[in-house]
Amino acid sequence: MMSEETIEKISWKEKFQLSRRAFVLWYREYPALFAATALYCLLNAVFPYITLYFSAQLLNELAGARQKELLIQKIVILLAAEAVVLLLRAVVFRWKSTLSDGTCIYLYGRRRQFEKLLSMDFCDAESSETQALLREVQQTAKWRNYGVRRVYTQFQQFLEALFRLLGGIALSVSLFRLPVRADAGRLVVLNHPGFIGLLVLLLCGVTLVSPWLETVGKKCVIQCEEELKLGNRFFNFFAALMSEDKRALDVRLYGQERFFDQLSTIQSNFGSHSKIARFSRGRMGIASAASAALSRLFGGCIYLFVCLKAWGGAFGIGSVTQYIGAVTAMSGGMAKLLELVGDAGINAYYLKREFLFLDIPNRMYQGSLTVEKRSDKNYEVEFRDVSFRYPNTEVYALRNISLKFRVGERLALVGQNGSGKTTFIKLLCRLYDPTEGKILLNGIDIRKYDYREYMGVFSVVFQDFQMLAYSVGQNIAASETYDRQKAEGCCRKAGFWERVETMQAGLDTILYKNLSEDGVEISGGEEQKLAIARAMYRDSAFLILDEPTAALDPMAEYEIYTRLNEIVEDRTAVYISHRLSSCRFCDEIIVFHEGRMVQQGDHETLLAQEGGKYSELWNAQAQYYVADGAQP
Ligand code: ADP
């Protein structure tokens with residue numbers, strides 16, 4: 001949990017470095033946007049001063065000599081200057097908006113995190129610490145807008161405050177310079193430099209204390225971080241629950257609305273007895289009230305000083321509005337700058353967490369060898385005494401695996417849940433490196449190959465895959481443009497073509513409703529066939545199917561297996577299946593038990609080994625299926 005002490009632990013030097021790093025990240029990505037933003041902030045800051053300055057001139061003329069030509073001239077200048085600045089501001093605003101909306105800057109932080117997640121070692125991407133860190137970073141970005149994405153907002157606010165401050169100084173210099181008339185009696189005291197010093201001191205005092213009070217308030221919010229995050233999670237969950245069509249049926253049938261009672265969790269984290277409410281009544285509320293009172297008090301002092309100087313004849317009545325406006329804006333600008341320093345200090349904590357995620361190093365050996373492109377798909381893979389433990393675990397998920405794949409062979413991996421089949425595939429695809437032993441492709445340790453090229457040798461259909469809300473053809477090709485004939489061929493072989501033919505736009509039919517009203521929903525079994533078609537489209541030497549038929553009904557499963565030869569073609573295929581009958585057609589079956597390879601051979605040979613794991617599994621499955629006259 002974050003507390004005030006945690007924030008203090010980061011030195012100001014580090015806070016500055018973190019903010020600078022985040023700024024450079026942004027700037028490198030969007031230099032034009034930063035230029036547009038800077039110009040917009042300048043125009044935005046200048047505009048009120050133009051009105052202030054020229055209307056003061058106008059008022060002075062009205063209260064003074066009242067020369068008609070001069071009055072008209074001043075009105076024209078005021079209107080023209082305002083029109084030019086407004087027009088320019090509108091043009092620059094469009095430019096800035098086009099740049100920011102067109103480049104989706106609001107997704108910038110998310111995109112960086114996503115890219116990092118894809119490029120880091122898989123073991124890190126999968127680890128619960130990484131996932132927890134990422135969730136934390138995303139939550140603070142979503143709910144509090146802290147993190148890398150805040151830096152752009154801070155940049156805008158910083159420039160606006162700076163320009164306000166500079167403009168304020170420029171327009172109020174003469175306030176201190178112009179003396180009260182000598183015949184103004186006791187008001188002459190206002191000409192004393194000490195008086196000016198006192199006012200500047202007051203200005204600095206208020207400007208310093210106000211943002212400090214603001215930061216006190218923000219720190220209180222940070223101390224409620226855990227409660228607020230939990231409350232937001234519940235809020236998010238219930239908001240989703242109430243809007244998701246897919247859940248509506250379950251909610252109705254099982255009366256799940258009863259769980260809505262837990263909405264009280266939100267109340268206890270945000271309601272009148274919550275920690276944040278207690279802070280609001282105490283420290284945070286007092287800080288906020290004191291900050292507002294101070295700024296009003298300061299405003300009062302300025303009014304008094306300016307009016308008395310005007311009373312003493314230092315300047316005309318019109319200048320009163322100019323000076324009051326300028327000093328107030330100057331003080332506001334300075335306060336905002338200091339508040340931003342405090343805000344950047346708080347943001348530094350979140351930046352540190354975000355960079356911790358973005359800086360997770362890639363520890364896996366990054367090879368550079370190119371994988372020889374072979375049209376005959378003649379690749380040989382060998383596991384040489386491979387053992388593997390997942391990071392931060394003591395138990396081996398795989399033990400002493402030695403195995404050679406013969407090219408074009410169909411290999412099945414069978415075994416009970418948790419016996420190590422999927423882990424074997426993960427090692428084969430180099431999602432993890434073996435803890436001991438090595439895996440070789442054409443005699444060379446796979447770690448020496450360029451990772452992407454090595455991955456290109458495999459097509460995998462995992463159990464939990466995800467299709468996208470793009471067209472059927474694009475999903476098959478995993479690309480926006482694709483070879484239609486090839487996609488159709490893969491669809492036919494995977495048994496999905498008949499379904500495509502029923503769709504109005506054929507291969508161009510969009511899946512799901514996320515991005516298109518006309519999107520088509522498909523069943524789990526159909527998705528599985530589509531995933532198989534996608535794996536086939538990628539012309540790789542190995543086809544790995546991890547429980548490819550889990551979501552299929554027995555008929556569809558039978559259909560897939562009878563097409564297996566067509567699907568696999570000349571590839572080397574590796575299957576994982578719970579249904580042993582599906583594996584009967586394979587050339588070689590490897591039986592895993594508690595992380596070890598306990599048997600290896602074809603179906604007949606393994607079944608003949610009485611007391612072996614394979615016959616045990618076969619007989620266990622037979623109990624359930626033979627009664628129906630089906631195969632295990
Ligand atoms: P199978 O595919 O045969 O069901 P797995 O290869 O998924 O088995 O799992 C083998 C063993 O490794 C199991 O004991 C499982 O709990 C463990 N395991 C799997 N994935 C992880 C992981 N990400 N972290 C830690 N242990 C894991």
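Count residues from 1 along the sequence. Just so you know, these numbers use all the heavy atoms, side chains as well, and skip hydrogens, waters and symmetry mates. In listed order, ligands and their atoms are each counted from 1.
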What residues, two or more places apart in sequence or in another chain, satisfy side-chain hydrogen bond (donor to acceptor under 3.5 Å, both in side chains) together with T423? Y390
Heavy atom of protein inside 4.0 Å of atom 15 (C) of ligand 1, strictly below: no
To which protein heavy atom is atom 9 (O) of ligand 1 closest, and what is the distance rounded to 0.1 Å? T423 OG1, 3.7 Å
Nearest protein heavy atom with distance in Å, relative to atom 2 (O) of ligand 1: T422 OG1, 2.7 Å
Close-contact set for ligand 1 against E126 heavy atoms, below 4.0 Å: 23 (N)
Nearest non-hydrogen protein atom to atom 18 (N) of ligand 1, with distance, is Y390 CE1, 3.3 Å
Close approach of G420 to ligand 1, heavy atoms, under 4.0 angstrom: yes
Hey, would you say the F405 and Y379 ring centroids sit under 6.0 Å apart? no
Ring of Y454, cation from R430 - is the NZ or CZ under 6.0 Å from the centre and inside 45° of the axis? no
With ring-ring contact (aromatic ring centres under 6.0 Å, His included) as the test, pick out the partner of F388 among F424, Y432, F383. Y432
Heavy-atom distance under 4.5 Å between the side chains of V151 and S19, does that happen here? no
Of G415, S127, S128, G418, the residue with the heavy atom nearest atom 10 (C) of ligand 1 is G418
Determine whether the side chain, the backbone, both or neither of Q416 has a heavy atom under 4.0 Å from any heavy atom of ligand 1. backbone
Would you call D124 and R363 a salt bridge, taking side-chain N to carboxylate O under 4.0 Å as the test? yes
